[in-house]
Amino acid sequence: MASVGGVPCWVSLMAPDQRAAEDFYGPVLSWTFVSSDAGPDARIATVDGQPVAGINQLTAGAGPEAERWTVYFHVEDADVVAERISERGATVAVGPLRTGGGRSVIAADRWGAPFGLWQGDGPASWWVGSGPAPAWLQLHTSDAFAAAVFYGEIFDWMEDPSHGVTYEEQYDEIVVRVDGHPVAGLRGGALESPPDPGIRPRWEPYFRVPDLDAAVSAVEREGGTVATPPREGPLGRTATLRDPKGASFCLLST
């Protein structure tokens, strides 16, 4: 996978109760957790010793509804991209900060979906669709085409020939490709059916599981909820879940 600007390079759960998050995701996805050099409050979920995702402790006062999955995009210069974000009416909430041998930014796009930037090295084995890394990343937003323009401009997707941003009927959405490989989709319209004003724009990771029905049962057993039961879709058989604190994620049957 090309190491160029705008490539998804990591996902991390921002959790108000890190231990509770590990107690939920560990049994559901067979994850084990190790310390991270990103800081004392950062942990890494692994499968067979391979990194999958981060679990980061939110600061006190973030609120009970703040737990969420955040997608990080690799950038060559965090200052330049952070400035582009601000210039386009979006929000740079934190950073650029120097952490764990690199520089990071937490931002939100113009529609309120949080995302991150990372300037520095990352796990060499980690890229979307490979190994234990997420199989897919999904942006749910009100206007997918406007969002594609926003992300395309801040990451130079239109200028870099290694990227492709296209509308594909197979996925019924805008698809982001890296080296020809589909890694993410941008879907617009109502965020939930029926529309739920409490659901905000968001990026969701899709994690693979060998037995989707068993994993969904584990989610419920461990205190999570089922937003969308298992069903067939363009990616295969999937389900959308929420952890006990409300963070949304998806599972994909292998």
Side-chain angles (χ1 to χ4, degrees), residues 1-12 68-96 102-122 126-130 133-191 199-206 233-235 248-250:
M1 184 63 64
S3 179
V4 294
V7 173
C9 64
W10 191 238
V11 295
S12 184
R68 64 183 184 270
W69 281 99
T70 299
V71 175
Y72 284 79
F73 297 87
H74 179 266
V75 296
E76 296 294 337
D77 189 323
D79 294 293
V80 169
V81 180
E83 185 174 349
R84 291 174 184 169
I85 291 169
S86 298
E87 288 173 347
R88 286 157 178 80
T91 302
V92 176
V94 179
R103 303 178 72 227
S104 63
V105 172
I106 299 294
D109 66 25
R110 288 167 45 204
W111 300 268
F115 67 101
L117 310 178
W118 175 253
Q119 176 187 332
D121 295 332
W126 197 103
W127 53 271
V128 177
S130 172
W136 183 255
L137 302 171
Q138 184 78 56
L139 175 66
H140 293 270
T141 188
S142 58
D143 190 333
F145 288 96
V149 171
F150 169 80
Y151 285 98
E153 288 179 345
I154 66 170
F155 293 134
D156 279 338
W157 280 347
M158 305 305 178
E159 300 297 328
D160 194 321
S162 67
H163 291 293
V165 182
T166 59
Y167 180 83
E168 300 184 19
E169 292 187 2
Q170 174 188 357
Y171 297 93
D172 194 27
E173 60 193 329
I174 294 172
V175 173
V176 179
R177 293 179 177 271
V178 178
D179 293 342
H181 178 77
V183 297
L186 285 63
R187 177 164 294 180
L191 299 180
I199 302 298
R200 298 180 179 180
R202 65 205 184 271
W203 283 94
E204 287 175 342
Y206 280 65
L235 298 174
S248 182
F249 65 102
C250 299

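The figures here come from the full heavy-atom set of this structure, side chains too, leaving out hydrogens, waters and symmetry mates. Just so you know, residue 1 is the first one in the sequence shown, and it goes up from there.
- Looking at every heavy atom in both residues, Leu137 comes nearest to Pro205 through CD2-CA, 4.0 Å.
- When every heavy atom of Phe115 is checked against every heavy atom of Asp109, the shortest pair comes out as CE2-N, 3.5 Å.
- The structure places CD of Glu76 at 12.5 Å from CG of Leu117, a figure rounded to the nearest 0.5 Å.
- Within the 4.5 Å cutoff, no side-chain heavy atoms of Leu186 are placed close to those of Thr141.
- Of all the heavy atoms in Val11 and Val71, the pair that sits closest is CG1-CG2, 4.1 Å.
- Between Trp203 and Tyr151, the ring center distance clears the sub-6.0 Å criterion.
- Using a distance-only test at 3.5 Å, with no hydrogens or angles considered, no donor-acceptor pair links the side chain of Glu204 to the main chain of Ser248.
- Of all heavy-atom pairs spanning Gln119 and Ala78, the tightest one is OE1-N, 2.8 Å.
- Crowding of Asp79 atom CG: a count of heavy atoms from other residues, nucleotides or ligands under 6.0 Å exceeding 12.
- A salt bridge is defined here as a Lys NZ or Arg NE, NH1 or NH2 lying under 4.0 Å from an Asp or Glu carboxylate O, and Arg84 with Asp156 meets this definition.
- Put simply, the residue from Trp69, Tyr206, Trp126, Phe249 that forms a side chain to side chain contact (heavy atoms under 4.5 Å, CB included) with Pro134 is Trp126.
- Below 30°, between 30° and 60°, or above 60°: for Phe73 and Phe155 the angle between ring planes is between 30° and 60°, a tilted geometry.
- Of all heavy-atom pairs between Tyr72 and Val105, the closest is CE2-O, 4.1 Å.
- Here the side chains of Arg68 and Arg202 are not in contact, with every heavy-atom distance at 4.5 Å or above.
- In this structure, Ala90 and Ala108 approach most closely via the heavy-atom pair CB-O, 3.2 Å.
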